[in-house]
Structures are given as C-alpha cells and as structure tokens.
Amino acid sequence: MKYIDFYGQFKDFPFININDVKTAFPDYEPRRMYEWQKAGYIRKVARSFYVFNDRKLNEDDLCLISNKLREPSYISLEYALSQYSLIPETVFVRTSITTKKTASFETVIGNFSYQSVKKTLFFGYVLQGQKKSKYKFAEPEKAILDFLYLRSDIKDGNDIESLRINADIYEEIIDEEKLDKYLGIFQLVTLNEKVALLREYIKKHD
C-alpha cells in the first residue's frame with residue numbers, strides 16, 4: 001500500500017476508517033498508518049479513525065465524525081440546543097445520544113460526548129449535511145426532551161429559569177403536538193412535570 005494510492009482513495013473523505021482501508025487495500029499493513037503519522041500526513045482521531053492533516057474540516061465533517069465515532073448515535077442535548085439558538089451558550093463539545101455506553105472522546109479535532117439511552121428512546125432525529133456528509137441530528141423537540149430527561153438536577157421552576165431558554169425561538173421552531181407525541185413515548189411523570197415547567201417559563205417570557 002503506497003501513500004499516493006491511499007491518498008487518492010480517501011482524499012475526499014472527511015475521515016478515514018481503518019475498516020474501509022482494509023477493504024480498499026488487501027495488502028494493508030498497520031505500520032503504514034504509524035509511519036504516515038510520524039511523517040505528518042495523517043492524524044489519529046480515535047481508535048480506527050484518522051484524518052488527513054491537509055484537510056480543513058467543516059461543520060458537516062465534524063458532525064459526521066461525531067456520528068461515526070460511536071454508532072449508533074445522533075447529535076442532541078446542549079450542542080443541538082445551541083445550534084438551534086434555544087440556549088445562549090456557545091457549546092464546543094459535540095453532545096450526542098447513543099444506545100451504547102456513555103462515553104467521551106477528547107481528540108485532535110475536537111471533543112465529543114455521548115449519553116446512553118435505551119433503544120426505545122433512540123428516535124426524533126433527521127439527516128442533515130451534504131450528500132457525502134449526511135449525519136443524524138436531533139429535531140428541536142427531541143433535543144429538549146433528551147436534555148430534560150438526562151438532567152436529574154432540573155427539578156423546579158428556578159432550575160428551568162437558569163437554562164435561559166430563548167422563548168421567541170422556542171415558539172418559532174417548536175411543534176407542540178410533536179413535543180407531546182415524543183413526550184408520550186418516554187412515559188415518565190418526572191419528564192412530564194419538567195415539560196410543564198418549561199411551558200410555564202415560555203408563557204411567562206412570551
């Protein structure tokens with residue numbers, strides 16, 4: 001396996017998965033990846049994942065990588081809420097939902113965290129991005145529910161106030177019928193109570 005052939009095969013990919021390399025090159029040798037890292041051609045992101053040093057990763061690339069580092073997963077929680085402008089903070093860690101174990105990765109291209117849920121709660125996402133970089137991203141209604149579901153410290157109106165949810169954006173993008181439909185799938189009294197508190201907050205700040 002020569003670097004020129006390797007580069008030609010994967011130069012248009014946002015990341016390099018070793019499984020894909022083994023498929024493309026039956027003569028694959030692990031030491032080549034180590035040598036090309038030392039030469040500065042590629043960087044290791046996580047186990048079995050690499051990126052080319054000369055590739056500038058955009059938002060779609062990073063979101064796709066987030067999906068692939070832990071499968072299955074979709075971007076949600078704080079990162080999704082920030083992207084929807086529902087919370088004022090800029091969130092740099094790409095936060096996701098997965099059916100695998102909770103995990104986090106600090107990498108050379110950014111930080112990624114994953115919160116585990118049971119399979120019945122793995123829903124409410126859409127595909128975003130370009131043709132070659134399609135990734136799963138939570139709908140705003142599901143991002144809110146995922147967030148409230150996993151935040152055991154949110155218990156009363158004051159806790160909801162502290163989130164500083166943008167009421168104008170909420171009313172613009174949240175489909176209340178869809179929110180209720182998704183809420184019913186969780187079948188949790190505590191989550192119902194949190195959503196009721198959130199709706200009181202939105203009404204108050206309308």
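Sequence positions, counted from 1, serve as the residue numbers for this chain. Quick caveat: nothing in here was measured; it's all calculated off a predicted structure.
- Formation of a donor-acceptor pair under 3.5 Å by the Arg70 side chain with backbone atoms of Thr102 is not found in this model.
- Judged by distance alone, with hydrogens and angles left aside, the side-chain atoms of Lys142 form a donor-acceptor pair with the main-chain N or O of Phe123 at under 3.5 Å.
- Tyr135 and Lys68 form no side-chain donor-acceptor contact under 3.5 Å, judged by distance and modelled atom types alone.
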*Verify ring-ring contact (aromatic ring centres under 6.0 Å, His included) between Tyr182 and Tyr149, making sure each step is shown before the conclusion.*
CA-CA 12 Å; Tyr182 288 174; Tyr149 170 65; over 10 Å; no
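- Taking the six-membered ring for Trp and the full ring otherwise, the centers of Phe13 and Phe10 sit less than 6.0 Å from each other.
- Ring to ring, Phe92 and Tyr79 are not that close: their centroids are 6.0 angstrom or more apart.
- Between Phe15 and Phe49, the ring planes lie tilted relative to each other; the angle falls in the 30° to 60° range.
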*Under the side-chain contact (heavy atoms from CB on, under 4.5 Å) criterion, do Phe186 and Asn192 qualify, and how do the steps go?*
CA-CA 9 Å; Phe186 281 83; Asn192 292 346; over 6 Å; no
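- With hydrogens and angles left out, the side-chain atoms of Tyr125 and Asn67 include no donor and acceptor closer than 3.5 Å.
- Note that CD of Gln9 is 10.0 Å distant from NZ of Lys11, once rounded to the nearest 0.5 Å.
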*Apply side-chain contact (heavy atoms from CB on, under 4.5 Å) to the pair Met33 and Trp36, showing each step before the final yes or no.*
CA-CA 5 Å; Met33 306 304 286; Trp36 295 338; 4.1 Å; yes
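- Ionic pairing of Arg199 and Asp180 is present here: one or more N-O contacts between side-chain nitrogen and carboxylate oxygen are shorter than 4.0 angstrom.
- The closest donor-acceptor contact from the side chain of Ser73 to the backbone of Leu69 lies at 3.5 Å or more, if one exists at all.
- For Ser116 (side chain) and Lys100 (main-chain N/O), a donor-acceptor pair under 3.5 Å exists by modelled atom type.
- Taken to the nearest 0.5 Å, the CD atom of Gln130 stands 8.0 Å off from the CG atom of Asn58.
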*side-chain contact (heavy atoms from CB on, under 4.5 Å) assessment of Tyr114 paired with Ser66*: CA-CA 9 Å; Tyr114 303 83; Ser66 178; 3.8 Å; yes
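- Aromatic ring pairs are classed by plane angle as parallel below 30°, tilted from 30° to 60° and perpendicular above 60°; the pair Phe6 and Tyr3 is tilted.
- If you take CG on Leu197 and CD1 on Ile154, they are separated by 10.0 Å, rounding to the nearest 0.5 Å.
- In this structure, CD on Glu139 lies 11.0 Å from CG on Asp146, to the nearest 0.5 angstrom.
- Aromatic pair Tyr7/Phe52: ring centres closer than 6.0 Å.
- Interatomic distance, Arg164 CZ to Glu89 CD, rounded to the nearest 0.5 Å: 4.5 Å.
- Between the CD1 atom of Ile87 and the OH atom of Tyr170 there is a distance of 15.0 Å, given to the nearest 0.5 Å.
- With Glu141 contributing its side chain and Asp175 its backbone, the two residues share a donor-acceptor pair below 3.5 Å.
- No path of Ile, Leu, Val, Met, Phe, Trp and Tyr side chains, each step under 4.5 Å between heavy atoms, connects Phe112 with Ile16, placing them in separate hydrophobic clusters.
- Using modelled atom types, one side-chain atom of Asp27 and one backbone atom of Met1 make a donor-acceptor pair closer than 3.5 Å.
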